[in-house]
Every structure is written in structure tokens, then in C-alpha cells.
Amino acid sequence: MKDLPKVYEPQTVEKKIYAMWEEHGDFHTRVNPDKKPFSIVMPPPNVTGQLHMGHAMDATLQDILTRYKRMQGYEALWLPGTDHAGIATQIKVEEDLRVHEGLSRYDLGREKFLERVWDWKEKYGHRIVEQQKKMGASCDWERSRFTMDEGCSKAVRETFCELYEKGLIYKGSRIINWCPHCLTALSDAEVEYADKPGHLWYIRYPLSDGSGDITVATTRPETMLGDSGVAVNPEDEKFKHLIGKTCILPLVNREIPIIGDEYCEIGFGTGAVKMTPAHDPNDFEVGLRHNLEVIRVIADDGTINENGGAYEGLDRYDCRKKIVEDLEAQGYLVKTEDYSHNVGTCYRCHNDVEPLISAQWFVKMEPLAKEALRVVNDGTIKFVPERFAKTYTNWMENVHDWCISRQLWWGHQIPAWYCDECGHINVARTDPVKCEKCGCAYLTREEDVLDTWFSSALWPFSTLGWPEKTEALDYWYPTSVMVTGYDIIFFWVARMIFSGMEQMKREPFSTVLIHGLVRDSQGRKMSKSLGNGIDPLEMAEKYGADALRFNLITGNSPGNDMRFYEEKCEAMRNFCNKIWNASRFVMMNLSITENGLPERLEPEDKWILTRLNDTVREVCENLDKYEIGVAAAKIYDFIWDDYCDWYIELTKPRLNGEDPDAKQRAEQVLLYVLCEFLKLLHPFMPFITEEIWQAIPNDGGDLILASYPRYDESLSFPEDAADFEIVMEAIKAVRARRAEMNVPPSRRSHLLIVTEREAAFTQGEAYIRKLAYASEVTVLRDSPADTAGMVSAVTGQAKMYMPMADLVDLDKERARLQKSLDNAKKQLAGQDAKLANQSFVSRAPEAVVNAEREKKAKLEALIANLETSLRDLG
RNA sequence: GGAGGCGUAGCUCAGCUGGUUAGAGCACCUGCCUUACAAGCAGGGGGUCACUGGUUCGAGUCCAGUCGUCUCCACCA
């Protein structure tokens, strides 16, 4: 043991420890009726993705909760897995195909292409898992799932069929968001809006009867190719008379009607709006009401289609330019204004999305939203922090139908077959051989696949075996906590909730723990394009995974973003090193081979045990409330301040002393407290704690499976601890006085302690000498006759004198004492005033009043001591 | 337009249901290599808790308003 390096080396330790856990099967869970279940399903990262800081934080939080519950005796399952991530993965493989072979997916064809994607998945799918392991993730890897594995596919198909049968899934032609780059439809949630500078063009549409014209304003002139009407408000005096007339669409020369619709706001813009039902959701609605023609002019790839006449084949933005030029040339352009407007972009490729009419599959949201709202409103599902419940309900209350079809190949192909004869849509759990309506055998399968989030939505139960009735499902569902970022509430959390309610008739989890984003040191979002991402693995390699974990969960509060500072990793690494060296110290001094407390405890032992016990209680309370950062900070303080800076120092005289019995008792308490704090800290810093645990006499078994500390009243000695703190206070006062005068520790002096609490000080003579740099300690009841030439330090319970004549300046000493005295008196006056206040004494809770009285008593004692010291100085 | 967060030490942030003299890390200053640890020890400086008003015996904490800042949702061409 004595050869342990002075500096903790996480790199070698972490690998070894993780392998040990795996080898011992410590992560493995089983349906165990004797234990209470606890479960977390991991938000599945993209199968071909790489671990980023967000994942690292997410995983750390989940791991802490899982380890905590596991140690508390729960059958704690953290179920891992990966997501097929439709668009993201397909794009990656297509890119690879293009770069290396110069091929597109169409060159390969669907089947061959999908084989490539599966190969890709096999090749890179393990990467993220290995990365999670490096972070210490204690998942039950044997239960790992993939959103496109057999079971999940079955769950998807079952859900699709059920919803279709209930009429909750339908196919229809509606305006959807289309990404011309990814060439697929998107859901509302997949569109990100950004303010972009643009223009508002005012265009004159001549009336057909030649009686004048009507001017419309638009931000998207290219869509005029698909205009099939102009709308004005029916109450608008300016335009009322035009309703029913027609006008001529410039450039196209189409005659289109002027209609009256409330949608058009009086006084806004020109008061007249061009209607493009095929490319604008509002126009589409208006078009339905007035039977306007739906003319699609923009093709899937973002170019103008055959309906665009002369403009056919132009890219939509080139077309815009050309149209404006032509309008101007032909005198239809009235004016152009600068205008900033919100443009929807694809959340994957950030190209502008094109709203267009398209036949797609939708989930009808209204009936599903009802239950999803109820379980959050009635508290069945709790959000932490609570404010996110509002975000959630707000969205759910206004949700539109969910477009679930994607024009991709990689994903769950929609289980629908179109009858070539009668056109009937056959939706079936097993592939049909003939049309259920007309019986013909010519069926064509729907090519589209489902939105990735459709399978993610089923994750909490599909991973546990649904639609089969499995024991695991019965045991662990509903899961305990869902841990995820606020950026994913709509995409995922909301959809898991309504899916769980619909398919399982039970909520998928009882608590949603929301965390924020990890940003860079300047507060910017970490992103590939900015190149400001910090690789968690690099940080883990440099400072240790434990340090990184601690960094990510301390000093921030749930739901708030945090900035990542490498310096903080350094600080946390230092903490690891502190623990390492404290353990090294204990081991170096250890002669005992078993962990157990002695019969007889010294005051300092009682103090540290009391502090430990208090810490245990508070940490558990905090963890139960998901105040993980607060819990971590308390453990940090206990270990560093109480255990290392005080307790270890306090035991040194005994460890180095002549009394073997006293030495052994000190060892016992040192070891006991060490073991307890290792357990306490283990969920947060699993590697270093396990490593040390394995090296010391422990309770047997791996730390990961040890019992988490519980509050133990028999190990709490508040009175003794308070008495002991009197001594600590005196030591601090002496140190402060010496530091003030720049006395180096090497200069020791006789220390006279005048106190009524002689016993407390006499008992501690040995360590007082050490900690207060004294050559000898004399405890007296009465002040010495002559204190001239002595430096003094005063607390409420003791007066300390150090004969250091050369350093004493009587006047300065007097002035200093007088200043302290004045200060204390001032405080006492405030205290008196407070206690004289009748309404305070009568209204404040007794405990608060008593605390104030105690404080007053302490001040009085301090004042008395200061006064006698002053008097003694003469 | 709607909703929400944030504003506390030089920097980054904690501070739970209102209750000692408002904390931490980093940075800074002073003194120390005191045989666990200089990635350390001891001591210290530094805050009108954005502003204004209110509730209360008592407000960083609760309420209202103001200013600044960030985010999400919706979106009128």
C-alpha cells in the first residue's frame, strides 16, 4: 500500500475497474420480486453518433440515480440502447457512398442501400456504447436495444396498426413542411424558425374588366406562379366591391377570383393577399373555404415544376429573382421594401423548408393529447423542475396532427399496401397477400418510412418487451425517471407520454428530470459548424471520468444551461487527488484488517461521526428531490473540509503516539468514515471510490453493490460535536492571530488557554499543540497575572495567550481588541433590539427565537472575554 | 403576439418550502515544501444579492412594476 503513487492516475484505474464490474456482472438486473424495481430507460443516442458533452451530462445524471438506487437495494435497471436516427444516419451513409464510390442511393436501389446502412450500423454502432462505458455508465448492457431491432419493429408495427384501426392514423393531402435537401416531409417539431432579412414586394394584379387593379404584398413572389385567388376582408370598405370580380395574374396570365375572407386583416399590408393554396398553410385553409384551385409549382427538389411555365426548372430562389425582374420590366412591381421575416429551416440540414401540399401519413393528435395532458395536470407525471410542465402542456394544447411519413429508406417502412385494382389501403400486422377489400393479389407497398420519433415514442415499453407480455415489462413499467434535455420535450417526451397512455394505458414514467445544455465557456451552443465542441472523452482522458462527471453535475441547477470550463475539470481532478491522498494516508497508517467502530469514542471522533451522519441525511434528502448538484457539493465539503482538513489532522497525534489502543481506535474511525464517504460518493465518482474500496478492508463485495449510507441516530452526538467545535474555534482564532502577524508555523510558542471548559481543551492538548503550532499547551481557569508581552486571541469560550514579546505592540494589541469589542457590542445591540421586538418573539417560530437567544449569549461571552483581555493588558 | 429563464464576489455559478454575519470553484493577496496531498496547508481581501415599490416581526428568497439579457412557442401576407 505504501507504494501507491502520490498522484491519482485515473487512466489506468478506470479501465480496470470497469472491466471488473462487467466481469462480476454487477450491472446485470433480473426480475426480482424480493426487491423494489427502479428503472430508467436511456434516451437512445444515434447509433452512428459520437458522445458529446450533452450525452455525457445526461448519462452522468442517469448513472448517479441508478447507482444510488442500486445501492439502496432496488433492482435498478438502466436500460441502454441506440436509435436508428432515420435522416441523420441515411445522410451519413449517402455521403460516404458519394465520396468513396461516387454513387447515390438510387444507383444502389433500396434493398442494396439498406444493406449498406446495416453494415454501417454494425461497423460504428458500438462506438457510442464504448464511449458511454468510459463515462462509467452502469447500464445493463445485456438488455441493450436498438429502435430497429426485431422487438422494436414489432412494437412499431403493432402500434401503427392499432392507431390506424382506431382512426388515429390517416393518410391525407395537406400542407406539410418539406425539406428540398433531405427530400422528405418533416413534422412541425422538426422545423426551426429563424429571422432572416428579406423583402416585401408589392405587386399589381390588373382587374380582368380593365377597371383598375389590386395590389398585393408578398415575401415570396415566386409562389405567385401557383396563385389561384386574391383575398380581401369582406368588411373592408376599400375592397368590398371587388369581391366576386376576377383579376389577371401577371406573367402567368391566369384569371383568378377575388374572394372575401376573414383571414385577411384590414389595414395590414395592402389589405389584399395573394392566395397560394399549394404552398402556404393559411392559403390552403382559405382555399378550402372558397374552392380555390390548388396549383403546386415547386417540385420536391426545390425547383419550379411544369406548372411554372417559362420558369420551369429554375431553383426557387433563382426563380424569385427572375420573377421580380420580369415584374419590374413589365411594370407590375409597385415597390420593394426591406422586410425581416421568419423562415422555417430543416433541423437537420438547415436549408429552408418548403411548405407544400403532399399526400402524407398523420397521427391525429387531439384525442391522444387529452390523456397526455391529464396525466401531467393531475401529477401522475411530474416534471423536475416543475416549470417544464407548463412548456409541455402549452405545446400539447396547441398541437397539430403529426406528420409521420418520411420519404427515406432507412427506417420502419409503413405497413400499408395499396391495392392496384381498387386502390384500397391495406394496413396489416403481417404482410398481406391480397387486398382485404377486393381480394386482388396485386398490392404495392407504401414506400415511405416512419418518422424516427415514432419508434422513439414507444421506447419505454418496446425496450421492455412490448407488445409481448413480459415479466420485465410487468416489473419495471412504468419506469421511474426519464432524464433528458429540455430541447427534446416536444420531439420525444411528449410523444412517449401519449404513446404510453394509448398503448399501455399507463404513464411511461413518473418523473421527468429535465436538464439544460452544456455550452462552451462563452455561453455558445457547442456545434460542429462553430467547431467549439469539447470532446468529453478527451476531458475524461486528461482529468479522469470521475472529474468530468463531477464537473458536469455540480454548480448548476436542474433545467438550466451550464458553461463548460476546463479549469473546473482541473478543480475536480484535484478533488480526486485529495481523496486519493487521504486514502493513502489512512492505508499507510492502518494496522487493523477489519472495518468497525471502537467502543470508546473521543470527542473528535464523535464530531466527525456526527458531521458524517448529518451529511448522509442531507445528501439522501437532496438526491430524493433530484437536487444532485447540491448533494454532490455537500459530499465534497464533507470530504475536503471536515475529513481531510480537520479529522485527519486531529488523528495524527494518536496515530503517532505511544498508546497502541488509542492509535487503533483512531484507525478504526478513520477507516469507518472513509468507507462511508466512499459509499456516499460512489454514485458520483464511481471509479476512484471503487478503486480505493478494493484496496482497503471493506464490508466485502464491490462498492457498486454496497449499501448506501443511511442516517443512524446512534452515531449522532450533537452535544459532543458542539463542545468539540469550541476547541476548533479556539484553534482557528490562534491560527488567524499568527497569520495576521506573519508568524511562520516553524516558530512555535507556548499557548496558554484560559477557559471555563477546561475538560474539552485538556483532552485535546495533543492536537491543539499540532494544529495551533504550539510548543506546549497550558489550560487555565483564570487569566495569568501578567499578560504583557503576550499575543492574545479571543473566542466566546476561551482566551488564548502566546508569549511572543518581540511581536507585541501593546498599543496595537489594545486597539485590535477594542475594535473586536466594539464590533461585538454593535452586534449585540442589534441582537438585543431583535429580541426586544415583541412581534418577533411572539410570531417567529420558537426555534428561530432560541437561535437568536443563543447567539446573544455567545456574543455576551465573547464580549466578556474581550473585556477581561483588555483589562489584563492594562 | 404568448410563455419562461436569467441578472448574487473580478469570472462561472450554488443558495430547497422566507429565519445566524449571503456561499463554492477559479482568479487575487500574505505566510508556509508542517513525513497523505504544492493538483497541497493556514490566513485574508472582495458582494447596496439589477432597480423601484409592496407583503412580513424578518426578503437574495414571496408579490407587483421597471430595465437589461437569453430561450422556447406561435406567426399577418
Side-chain angles (χ1 to χ4, degrees), chain A residues 4 6-8 188 193 200 216-220 223 231 263-265 267-276 280-283 339 341-342 385 387-388 390-391 394-395 398 486-487 489-490 516-517 521 523 543 551 554-557 559-565 567-568 570-589 618 621-622 625 627 629-630 633 636-637 644-645 648-649 652 656 732 735-746 748 770-771 773 823 827 830-831 834 837-845 847-849 851-852 854-855 858:
Chain A
L4 283 176
K6 281 169 90 165
V7 170
Y8 174 59
D188 294 347
Y193 289 89
L200 195 55
V216 299
T218 179
T219 54
R220 305 200 51 201
T223 61
Y263 161 73
C264 195
E265 205 178 305
F268 189 91
T270 64
V273 193
K274 61 192 268 310
M275 290 288 118
T276 322
D280 182 288
N282 292 311
D283 294 5
Y339 194 80
H341 65 141
N342 243 343
R387 65 174 187 270
F388 290 104
K390 206 168 175 181
T391 310
N394 195 9
W395 185 80
N398 298 299
Y486 62 72
D487 52 334
I489 292 176
F490 308 136
L517 267 39
S521 60
Y543 300 102
N551 180 349
T554 49
N556 60 343
S557 49
N560 286 350
D561 292 351
M562 75 172 302
R563 296 188 191 200
F564 189 90
Y565 282 92
E567 293 89 324
K568 201 170 150 196
E570 216 170 297
M572 294 310 151
R573 183 226 20 212
N574 294 353
F575 179 49
C576 289
N577 202 227
K578 190 73 185 172
I579 296 166
W580 180 252
N581 277 295
S583 314
R584 209 160 61 92
F585 173 81
V586 174
M587 288 186 247
M588 281 164 57
N589 284 286
E618 290 177 31
E621 279 172 8
N622 288 131
K625 287 189 283 183
E627 291 163 0
V630 179
Y636 179 101
D637 289 343
C644 294
D645 287 349
I648 283 185
E649 295 305 322
K652 281 179 180 173
N656 301 327
K732 284 186 204 171
R735 283 172 172 174
R737 278 302 285 140
R738 291 177 55 111
E740 215 173 298
M741 297 185 301
N742 278 341
V743 186
S746 53
R748 300 190 164 258
K770 179 170 166 47
L771 299 182
Y773 318 109
N823 193 289
Q827 279 187 49
Q831 212 55 33
K834 200 170 203 178
N837 183 341
Q838 267 313 306
S839 29
F840 171 69
V841 178
S842 59
R843 291 193 201 196
V848 173
V849 177
E852 295 299 324
E854 219 170 280
K855 195 173 142 194
K858 275 187 179 164

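Lettering of chains follows the sequences in order, A, B, ..., and the numbering in each one begins at 1.
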### Summary
Paired runs of 3 or more consecutive Watson-Crick or G-U pairs involving RNA chain B, with both pairing distances under 3.5 Å, are B:1-7 with B:67-73, B:10-13 with B:23-26, B:28-32 with B:40-44, B:50-54 with B:62-66

Is [X] touching bases, backbone alone, or none of the nucleic acid, heavy atoms closer than 4.0 Å?
{"X": "A:D645", "result": "sugar-phosphate"}
{"X": "A:D280", "result": "nothing"}
{"X": "A:F564", "result": "nothing"}
{"X": "A:K390", "result": "sugar-phosphate"}
{"X": "A:E649", "result": "base"}
{"X": "A:R573", "result": "base"}
{"X": "A:A582", "result": "base"}
{"X": "A:Y565", "result": "sugar-phosphate"}
{"X": "A:C644", "result": "base"}

Measure [atom1]/[X] against [atom2]/[N] and give the value in whole Å, please.
{"X": "A:M562", "N": "B:A24", "atom1": "CE", "atom2": "C1'", "result": "13 Å"}
{"X": "A:N556", "N": "B:U12", "atom1": "CG", "atom2": "C1'", "result": "11 Å"}
{"X": "A:I489", "N": "B:A3", "atom1": "CD1", "atom2": "C1'", "result": "13 Å"}
{"X": "A:K652", "N": "B:C41", "atom1": "NZ", "atom2": "P", "result": "11 Å"}
{"X": "A:K732", "N": "B:A42", "atom1": "NZ", "atom2": "P", "result": "10 Å"}
{"X": "A:K578", "N": "B:G40", "atom1": "NZ", "atom2": "P", "result": "7 Å"}
{"X": "A:F585", "N": "B:U35", "atom1": "CZ", "atom2": "C1'", "result": "10 Å"}
{"X": "A:D637", "N": "B:G23", "atom1": "CG", "atom2": "P", "result": "12 Å"}

Expressed as a whole number of Å, how far does the [atom1] atom of [N] sit from that of [M]?
{"N": "B:C26", "M": "B:G43", "atom1": "P", "answer": "15 Å"}
{"N": "B:G19", "M": "B:C62", "atom1": "C1'", "answer": "14 Å"}
{"N": "B:U8", "M": "B:C49", "atom1": "C1'", "answer": "4 Å"}
{"N": "B:G60", "M": "B:C13", "atom1": "P", "answer": "22 Å"}
{"N": "B:C28", "M": "B:U20", "atom1": "P", "answer": "33 Å"}
{"N": "B:G65", "M": "B:A24", "atom1": "C1'", "answer": "33 Å"}
{"N": "B:U17", "M": "B:G31", "atom1": "P", "answer": "44 Å"}
{"N": "B:A9", "M": "B:A22", "atom1": "P", "answer": "14 Å"}

### Query
Is there a donor and acceptor pair, one atom on the side chain of A:K6 and one on the base of B:C37, closer than 3.5 Å?
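It does not, because no donor-acceptor pair links the side chain of A:K6 to the base of B:C37 below 3.5 Å.
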
### Query
What about A:R735: does its side chain form a donor-acceptor pair under 3.5 Å with the base of B:A42?
no

### Summary
Shortest non-hydrogen pair, A:T223 vs A:K274, comes out as OG1-NZ, 2.6 Å

Under-4.0 Å side-chain N/O to phosphate OP1/OP2 contact, [X] with [N]:
{"X": "A:N577", "N": "B:A38", "value": "no"}
{"X": "A:K855", "N": "B:U21", "value": "yes"}
{"X": "A:R563", "N": "B:C13", "value": "yes"}

Find out whether [X] and [Y] are in side-chain contact, i.e. whether some heavy atom of one side chain is under 4.5 Å from a heavy atom of the other.
{"X": "A:Y486", "Y": "A:D561", "result": "yes"}
{"X": "A:N551", "Y": "A:M562", "result": "yes"}
{"X": "A:L771", "Y": "A:R735", "result": "yes"}
{"X": "A:I489", "Y": "A:F388", "result": "yes"}
{"X": "A:T554", "Y": "A:Y636", "result": "no"}
{"X": "A:F490", "Y": "A:T391", "result": "yes"}

### Query
With nearest nucleotides of RNA chain B determined for A:V7 and A:W580 from heavy-atom distances, which residue corresponds to the more 5′ nucleotide?
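Taking each residue's closest nucleotide, the earlier one in sequence belongs to A:W580.
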
### Task
For A:K274 and for A:N581, locate the closest nucleotide of RNA chain B by heavy-atom distance; then report the residue assigned to the nucleotide nearer the 5' terminus.
A:N581

### Task
Only counting residues at least two apart or in another chain, list the ones meeting side-chain hydrogen bond (donor to acceptor under 3.5 Å, both in side chains) with A:R220.
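Scan of A:R220 (side-chain hydrogen bond (donor to acceptor under 3.5 Å, both in side chains), adjacent residues dropped) gives A:E222, A:E354.
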
Can you figure out which of [options] approaches the side chain of [X] most closely?
{"X": "A:A736", "options": "B:G15, B:C37, B:G43", "answer": "B:G43"}
{"X": "A:T218", "options": "B:G43, B:A77, B:A36", "answer": "B:A77"}
{"X": "A:N560", "options": "B:G5, B:C41, B:A77", "answer": "B:G5"}
{"X": "A:C264", "options": "B:A77, B:U21, B:A36", "answer": "B:A77"}
{"X": "A:P845", "options": "B:A36, B:A39, B:G19", "answer": "B:G19"}

### Query
From A:R584 CZ over to A:K6 NZ, what is the distance, rounded to the nearest 0.5 angstrom?
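Reported to 0.5 Å precision, the distance equals 6.5 Å.
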
### Query
What distance do A:C576 atom SG and A:Y543 atom OH have between them, rounded to the nearest 0.5 Å?
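The SG atom of A:C576 sits 12.5 Å away from the OH atom of A:Y543.
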
### Query
What residues, two or more places apart in sequence or in another chain, satisfy salt bridge (Lys or Arg N to Asp or Glu O under 4.0 Å) together with A:K652?
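Residues passing salt bridge (Lys or Arg N to Asp or Glu O under 4.0 Å) with A:K652: A:E649.
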
## Note on the structure
Residue set satisfying salt bridge (Lys or Arg N to Asp or Glu O under 4.0 Å) with A:K568, at least two apart, ordered chain then number -> none

#### Entry: Exercise: do A:N574 and A:E570 side chains pair donor with acceptor under 3.5 Å
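No donor-acceptor contact under 3.5 Å links the two side chains.
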
### Task
Treat primed atoms plus P, OP1 and OP2 as sugar-phosphate and everything else as base, then score nucleotides 25-34 of chain B 5' to 3': B for base contact with protein heavy atoms under 4.0 Å, S for sugar-phosphate contact only, - for none.
S----SSS--

## Note on the structure
5' to 3', nucleotides 69-74 of chain B under a 4.0 Å protein heavy-atom cut-off (B base, S sugar-phosphate only, - none) gives ---SSB

### Task
Show your reasoning for whether side-chain contact (heavy atoms from CB on, under 4.5 Å) applies to A:F840 and A:V848.
CA-CA 10 Å; A:F840 171 69; A:V848 173; 4.1 Å; yes

#### Entry: Backbone N/O of A:N577 and side chain of A:N581: donor-acceptor pair under 3.5 Å
yes

